[in-house]
Amino acid sequence: MSELLNSTEIDLINTNGYTGVLAAEQKQKASKILETIQFPTTRTEAWKYTRLGKISNKKFSIQKGSVSDISEYVISKDAYTIVLINGIIDTSLSSTDLPEGVICSSIKDTISTEKLNSLVGKNLKLENEIFHSLNTQNALDGSILLIKEKTILEKSIQLIHILTGEHTISNVRNLIVSEKNSQAHIIQGFFSENATESFTNSVTEIFVEENAHLTLDKIQFEDDSCYQVSTEQVEQAKNSTFTINTITLNGALVRNNLNIKVIGQNCCTNLNGAYLLKGNQHVDNHTMVDHIAAHCESHELYKGVVNDKSTAVFNGKVFVRKDAQKINAFQSNANVLLSDDATINSKPELEIYADDVKCSHGSTTGQLDEEAVFYLRARGLSEKSARKLMISAFIDDVINKIENKEVKTFVFGLLQKRFDWEI
Amino acid sequence: MITIKNLHASIDGKEILKGLNLEVKAGEVHAIMGPNGAGKSTLASVLAGRDGYEVTAGTVVFEGKDLLDLKTEDRAREGLFLAFQYPIEIPGVSNVNFLRAALNEIKEYHGEDPINAKDFLKLVREKSAIVELDAKLASRSVNEGFSGGEKKRNEIFQMAMLNPKLAILDETDSGLDIDALRIVANGVNILKSPENATIVITHYQRLLDYIVPDFVHVLFDGKIVKTGSKELALELEERGYDWIKEELAL
């Protein structure tokens, strides 16, 4: 396992002298796991459709990078911005005027409170989880955002992650806490600049406390030679609402682990995802909603358009525990294959132990309706326009779930840039 | 307008059109009638350029151009319009948005400037009124959740928006009640001009009470076997198709 990192670089990480939020014991525990753990193979159920050879065969190093102009990556012009380059906060590029009611700091800072210390790593499984362990052991930096009790944030907060350099690894670690009765919109954008075969291994731990509302828009647009494994580990307390929109538009290999534990009653959870792939991309979305408490609802909609030789994986699991009665859980995954060589592996799963619930799931994979393409062409639209229009119509369902206009406009811009699709 | 000569076409190796001849001039309305399986819809599909049909012989000249050489969209841009027998539902694609895109691509093809939003909306209001199509319906997803009658009215609305030279109405009367039939036919009549032409494909004479043809053709076994005036349609309605078979010793 230690092969993954260049040994000289490991020295950069001073585990012993580390004073940040991430406790030294956790780092040590992760190190211990990494001594013996192997990369999962396709024999491991959770990695059945995703081969990690591209990552496990390479050596990555931790590098400081610099980016001079971030204008291309600014998703919302009207948001508080935190820029992280190769997983390290760049204060010179970040906003200085953070709003009242928000604690924004770095996981490496010592200003941490007891509360934050107790939350970091709380729900993140390290055993048998090589990427979580790798992140925990090596995380140098990352954002802590704490939305204080009763704070209603008018403006969004955006975390702009930029990966740069060759064979770079970013083990970025973020912590987002929405305290009681707070409301916030947070954007995470993942980009790259002059990056080749670099790797983002991101972990974001999220706590949505009582009656808090948190929306997270996650935009993934790293170079098509780069890899990303990212985990959102979410915990929702009673009466809270959590919404996450994951839009994946580029990257050679992208794996999203979205683990949501709903521990309180009366929660609402929304998970939307769109992935549009071409070339040899591989995008794997693993989602898990664990309904531990009763009277909650979750809505999941993932849609994908898969072209060329690319592969998409969707594995969505909804878990309803024995005491979690009166759960409404809906899950849907729909895919369009645009080429004969594109692949979809879709696995919707429901595991229900309560007896008074309403749950449904569905998965469809098909091609564009050629009759409809002909119909549009018969009205004078070119074949390209007709197909674009139909693909847009298909994916718009998900994009329109993004409530923030600036994010939506940015996503449409990326679609135009990468696929020449005006939507 | 259009001259079809000795048209042979087959699907999956089976010959459907077996030497069809037809000439339509500007300002004319032609009705094509015939029993099931005669090749009526195949003719419409071949003219519009639907995949899967192979033209094995013959020529089609549309406004001086070799129609069969053109892509489907270019046929539309040259002024050919097919009102579908079964209009397709396209969820998520807005009727007016796609029409605007289509209209602009047609304009671009002819080297004209795109239509601006204001003029376009005016056009939508004006043309949707012709077929009494609710403006709300016009802006919904293409045909999604439309009744049979609304779908056919939407076809004529699109025809009105695109203002084609030659409109082919493929069994536009099928599935219409009398009121819808009257509205659709009225729309077609309003759009009629000395510069354009219409081919009405139908099973029944009923539609021809409203859209009065200059010529009625009987299509039988892939060929036009008889041509007459509108009275021929009445005769067909009354006597069926068998007498033609006997008369022509087919």
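All values below were derived from every heavy atom in this structure, side-chain atoms included, with hydrogens, water molecules and symmetry-related copies excluded. Throughout, protein chains are lettered first and strands after them, A, B, ... in sequence-line order, and every chain is numbered starting at 1.
Of the atoms belonging to A/Glu383, heavy atoms from both backbone and side chain fall under 4.5 Å from chain B.
Surrounding NZ of A/Lys303 are more than 12 heavy atoms belonging to other residues, nucleotides or ligands, all under 6.0 Å away. Other residues, nucleotides and ligands place no more than 12 heavy atoms under 6.0 Å from the CD atom of A/Glu403. Other residues, nucleotides and ligands place more than 12 heavy atoms under 6.0 Å from the OH atom of B/Tyr53. More than 12 heavy-atom neighbours from other residues, nucleotides or ligands sit within 6.0 angstrom of CG on B/Asp66. Annotation: B/Asp51, atom CG; neighbour count of heavy atoms from other residues, nucleotides and ligands within 6.0 Å does not exceed 12. Counting heavy-atom neighbours within 6.0 Å of A/Lys309 NZ, excluding the residue itself, gives a total of 12 or less.
When each of A/Ala372, A/Ser385, A/Gly380 is scored by its heavy-atom pairs under 4.5 Å with chain B, the top score falls to A/Gly380.
B/Glu54 is linked by a side-chain contact (heavy atoms from CB on, under 4.5 Å) to B/Ser10, B/Thr56, counting only residues two or more places apart in sequence or in another chain. The salt bridge (Lys or Arg N to Asp or Glu O under 4.0 Å) check on B/Lys5 picks up nothing, with sequence neighbours excluded.
The distance from the CD atom of B/Glu108 to the OG atom of A/Ser382 is 9.0 Å, given to the nearest 0.5 Å. With rounding to the nearest 0.5 Å, the separation of OH in A/Tyr375 from CG in B/Asn143 is 4.5 Å.
Under the 4.5 Å side-chain criterion, counting only non-hydrogen atoms from C-beta, B/Phe81 is in contact with A/Arg379.
Residues of residues 67-75 of chain B that come closer than 4.5 Å to chain A, counting heavy atoms only, are B/Lys71, B/Thr72, B/Glu73, ordered by residue number. Within residues 89-106 of chain B, the residues having any heavy atom under 4.5 Å from a heavy atom of chain A are, by residue number, B/Ile90, B/Pro91, B/Gly92, B/Val93, B/Phe98, B/Ala101, B/Ala102, B/Glu105, B/Ile106.
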